[in-house]
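The next block holds one structure in the form of structure tokens; read it before the comments.
In the text below, chain A, chain B and the rest are named by the order of the sequence lines, each starting its count at 1.
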2 protein chains.
Amino acid sequence: MLKLTRKVEYALIALRHMQAMKPGKLTSAKEIAEAYGLPQQLLAKTLQQMARDRIIEAVQGPSGGYRILSNLDKISLKDFFEKLEGPLGIMDCYFDSDCVQIGACNIRVPIQRINENMRNMFSKMSLREVTQ
Amino acid sequence: MLKLTRKVEYALIALRHMQAMKPGKLTSAKEIAEAYGLPQQLLAKTLQQMARDRIIEAVQGPSGGYRILSNLDKISLKDFFEKLEGPLGIMDCYFDSDCVQIGACNIRVPIQRINENMRNMFSKMSLREVTQ
DNA sequence: TTAAATACGATAAAAATAGTCGTATTTATT
DNA sequence: AATAAATACGACTATTTTTATCGTATTTAA
């Protein structure tokens, strides 16, 4: 309950790994996968997604790989989570509107209050705090 | 991602329903299920669990049902979630130790920092804040 | 005695997550 | 120019988790 997905987990591991290296130096998906025993293909997809989101930069070809692109201080955990996994909320009704409950539901307002607290909390934490 | 389960959702709906009634009055699982269009048996199990946890009280026999037992001000959301779903944490490594990573993992410490923040946040919110 | 309610283990169904496969593209190296 | 090592990514499969149902027992008011 209230769990992160592997995708996010692998992303954090990879970022932390990249951050520990000399600036500008590239790391490949294979290298990270072997270092931490992660499924390479799945990790690669996660890295590709982060590249699309401009968090990291991808370099193709042999001796290619990935390196950190953004300033991780400026990315909140909330934004990071949402880039990888979509809207952050304790319950779907926060952004879905196809809930069958409609009028009957009696917890929508309190749930949104919890959501706000969560989003607020993750807004205040930067990605660097986690990766450094 | 970072979602509540239905069990918790149903529990909150039920609590809120009971709280809106005259003190001491009983409500049945059937009544709540019909009012909010929830699966009765699953809701019943959730109510039974809350009864075991002494959050609500169960009365058997016809004209039986459930009613609030605890002072909801004194139950934190953290305790409530953990009673229903077990330890609250963004990742299993917080309480599991059978993670294959063992030494290799490089995000255990930062993850635990996030966990602490989450637990702290939910410790500060009472169940009543959500149900009132 | 009956019926309406809780209690709960076992199982089934559905959904979400995790992982793999195959193939295309890019590009440094030879 | 050919090769090989890397990223890119859609489609698919497997696994796990969540959600829901079934069946039966127990309690107790009427």
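Taking atom CD1 of B/Ile13 as the reference point, atom P of D/dT19 lies 13 Å away to the nearest angstrom. Atom-to-atom, CD of B/Glu9 to C1' of D/dT18 comes out at 13 Å; the value is rounded to the nearest Å. Taking atom OH on A/Tyr10 and atom P on C/dA18, their separation rounds to 7 Å, with Å as the unit. B/Met1 has its CE atom 10 Å from the P atom of C/dA18, to the nearest Å. Remark: P of C/dT17 and CG of A/Leu43 are 19 Å apart, rounded to the nearest angstrom. In this entry the distance linking CG of A/Leu4 with P of C/dT17 reads 12 Å, nearest Å. Remark: P of D/dT21 and CG of B/Leu38 are 11 Å apart, rounded to the nearest angstrom. A/Leu26 places its CG atom 11 Å from the P atom of C/dA28, with the value rounded to the nearest Å.
Comparing B/Gly61 and B/Glu85 by the nucleotide of DNA chain D that holds the closest heavy atom to each, the one mapping nearer the 5' end is B/Glu85. Comparing A/Gly64 and B/Gln41 by the nucleotide of DNA chain D whose heavy atom lies nearest to each, the residue mapping closer to the 5' end is A/Gly64.
No side-chain N or O of A/Lys83 forms a donor-acceptor pair with one of A/Gln49 less than 3.5 Å apart.
Side chain of B/Glu129 to main chain of B/Ser126: a donor-acceptor pair is present (N/O by atom type, distance under 3.5 Å, no hydrogens or angles). Remark: side-chain polar atoms of B/Lys30 are not paired, donor with acceptor, to backbone N or O of B/Gln40 under 3.5 angstrom.
The B/Pro39 side chain lies nearest to D/dT21 when the options are D/dA8, D/dT21, D/dT28. Taking the side chain of A/Gln60 as heavy atoms from C-beta on, and the options C/dT6, C/dA18, C/dT27, the nearest nucleotide is C/dT27. With D/dC9, C/dT6, D/dA20 as the candidates, the nucleotide lying closest to the side chain of B/Leu42 is D/dA20. Side-chain proximity of B/Gln48 to C/dA4, C/dT6, D/dC9: nearest is C/dT6. Comparing D/dA20, C/dA18, C/dA5 by their closest approach to the side chain of A/Thr5 singles out C/dA18. Of the candidate nucleotides D/dT7, D/dA6, C/dT6, C/dT6 has the atom lying nearest to any side-chain atom of B/Ser28. In the set C/dA18, D/dC22, D/dC9, D/dC9 carries the atom at the smallest distance from any side-chain atom of A/Lys45.
At D/dC9, one or more side-chain N or O atoms of A/Arg52 fall inside 4.0 Å of OP1 or OP2 (strictly under the cut-off). Taking side-chain N and O atoms only, A/Tyr66 has a distance below 4.0 Å to OP1 or OP2 of D/dA8.
The shortest side-chain heavy-atom distance between A/Glu9 and B/Met91 falls under the 4.5 Å cut-off.
B/Ala51 comes within 4.0 angstrom of nothing in the nucleic acid, heavy atoms only. B/Ala44 comes within contact range of no nucleotide atom at all, as no heavy-atom separation falls under 4.0 Å.
The residues A/Glu82 and A/Arg119 are annotated as salt-bridged, a charged nitrogen and a carboxylate oxygen being separated by less than 4.0 angstrom.
The 12-atom threshold is not exceeded at CZ of A/Arg54, counting heavy atoms of other residues, nucleotides or ligands nearer than 6.0 Å.
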